[in-house]
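Everything below concerns the one structure shown next.
All values below come from the heavy atoms of this structure, side chains included, with hydrogens, waters and symmetry mates left out. Lettering follows sequence order; numbering is per chain, from 1.
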2 protein chains.
Amino acid sequence: MLSNELTKGTLQTIILKLLAEEQKMYGYEITQHVKSISEGKMILTEGALYPTLHKLEKNGLVRTQQVMIGKRMRKYYSLTAKGKKANVNKLAEFQEFINAMHLILKPKTTTS
Amino acid sequence: MLSNELTKGTLQTIILKLLAEEQKMYGYEITQHVKSISEGKMILTEGALYPTLHKLEKNGLVRTQQVMIGKRMRKYYSLTAKGKKANVNKLAEFQEFINAMHLILKPKTTTS
DNA sequence: TTTGCATACCTAAAATTCTTAGGTATATTT
DNA sequence: AAATATACCTAAGAATTTTAGGTATGCAAA
C-alpha cells in the first residue's frame with residue numbers, strides 16, 4: 001500500500017479525473033474505485049476525501065445531488081464546466097510534474 | 001515553473017538521489033542543480049530545503065562537512081549508509097507511486 | 001438474533017510539509 | 001556604488017493529510 005507522503009497533492013487531480021470519466025460518483029464509491037483500479041496500492045482516507053470534496057464544491061468545481069437509497073443518503077458529485085477545465089489543467093500539470101521528476105531522478109550515467 | 005502542490009513529499013527523494021549521484025553537495029548547489037536539470041521547471045525554495053536537510057541529518061541519513069571558501073562557509077552534505085538505503089527505498093516508492101497514478105489517471109477507453 | 005463487517009456520511013485535533021517573508025553576510029558583476 | 005549572486009539560516013502561516021473518532025443503515029454469518 002502506498003501510504004507515503006508522495007500522494008500529497010494528488011487528491012484533487014484524482015477526484016476530478018474520476019468524475020470526468022464516470023460522470024457522477026459518491027464519496028465512498030470514489031474510495032473503493034481508487035483502491036480497486038490501483039490494485040490496492042492507493043488508499044484514499046475519508047478524513048482527506050470528504051473535506052476535499054467539500055472544498056471542490058465550495059470552489060465551484062463540482063456540484064452535488066443527494067439521493068436516498070432506502071433510508072441511507074448518497075451524495076453524488078459531478079463536474080461543473082469549471083471543474084472540467086480544472087481537470088484538463090490538473091492532468092497537464094501532473095504530466096509536467098512527472099516529466100520534471102523524470103529529469104531529476106533518472107540515472108546520470110545512462111549507457112542504455 | 002512547477003510551483004504546484006504536487007511536489008510536496010518529493011523533496012527528500014530528490015535530495016537523497018542527488019547526493020547518491022554527486023557524492024557531496026551543499027544546499028545552495030542543490031537548488032541550482034535541480035533548477036538546471038529540470039530546465040527551470042522545478043524550483044526548490046530555501047525555506048523548504050534547509051529544514052529538510054537538517055531533518056535528514058538529525059535522522060542520520062546524511063552527514064555534514066563544513067568548509068570555508070574564503071570567508072564564507074559551505075556546508076557539504078553526503079549520504080550515510082542509512083541514507084543510501086533510504087535513497088534506494090525512496091526511488092522504489094516513487095516508482096510505485098507513478099505506477100499507481102498511471103493506473104488511476106490513464107484514460108478508461110484506450111483505443112490505442 | 002446478535003455480532004460483525006460493509007456501506008455511507010461526517011468532523012476535529014494534530015502532524016507534516018511547504019510557502020512566504022524575512023535576516024545576515026561575502027563575492028562578483030554592472 | 002549598486003545590484004545581483006552566492007550561501008547560510010529561521011519563523012509564522014497556509015495547506016493538506018493522518019489519526020481518531022462519531023453516527024447510522026444494510027446484510028451476512030455464527
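- Relative to the side chain of Tyr28(B), the nucleotides dT7(C), dC10(C), dA5(D) differ in distance, and dA5(D) lies closest.
- Nearer to the 5' terminus of DNA chain D, by closest-nucleotide assignment, is the contact made by Ala48(A) (compared with the other of Ile69(A) and Ala48(A)).
- Distances shorter than 4.0 Å separate none of the side-chain N or O atoms of Lys55(A) from OP1 or OP2 on dA15(D).
- At the phosphate of dT11(C), OP1 or OP2 sits under 4.0 Å from a side-chain N or O atom of His54(A).
- A 4.5 Å side-chain heavy-atom check between Tyr28(A) and Glu46(A) finds at least one atom pair inside the cut-off.
- Taking atom CD of residue Gln65(A) and atom C1' of nucleotide dC9(C), one finds them 16 Å apart after rounding to whole Å.
- Nucleic acid contact for Glu46(B): base, since at least one base atom lies under 4.0 Å from a heavy atom of the residue.
- Remark: Lys75(A) NZ is packed, more than 12 non-hydrogen atoms of other residues, nucleotides or ligands lying under 6.0 Å away.
- For dT16(D), the OP1/OP2 oxygens have no side-chain nitrogen or oxygen of Thr52(A) closer than 4.0 Å.
- One can place CD of Gln66(B) at 12 Å from C1' of dC9(D), the figure rounded to the nearest angstrom.
- A side-chain contact (heavy atoms from CB on, under 4.5 Å) with Gln12(A) is found for exactly one of Asn87(A), Leu56(A), Asn59(A), namely Leu56(A).
- Taking atom OH of residue Tyr50(B) and atom P of nucleotide dT20(C), one finds them 18 Å apart after rounding to whole Å.
- Taking 4.5 Å as the limit, every side-chain heavy atom of Tyr76(A) sits out of range of all side-chain heavy atoms of Thr64(A).
- Between Arg74(A) atom CZ and dA6(C) atom C1' the separation is 13 Å, expressed in whole Å.
- For the pair Thr45(A) and Arg72(A), nearest-nucleotide mapping onto DNA chain D gives the more 5' position to Thr45(A).
- Backbone-only contact: Gly27(A) has heavy atoms under 4.0 Å from sugar-phosphate atoms and none from a base.
- Nearest nucleotide to the side chain of Met73(A), out of dC9(C), dT6(D), dC9(D): dC9(C).
- In this structure, Tyr26(B) reaches the dA7(D) phosphate: one of its side-chain N or O atoms is under 4.0 Å from OP1 or OP2.
- Rounded to whole Å, atom P of dT26(C) lies 10 Å from atom CE of Met68(B).
- Close to dC10(C), at under 4.0 Å from its OP1 or OP2, lies a side-chain N or O of Lys75(A).
- Put simply, CD on Gln12(B) is 6 Å from P on dT17(C), counting in whole angstrom units.
- Side-chain contact between Met101(B) and Met42(A) is present, with at least one heavy-atom pair separated by less than 4.5 Å.
- If you measure from atom NZ of Lys58(A) to atom C1' of dC10(C), you get 17 Å, rounded to the nearest angstrom.
- Remark: C1' of dT4(D) and CD of Gln32(B) are 12 Å apart, rounded to the nearest angstrom.
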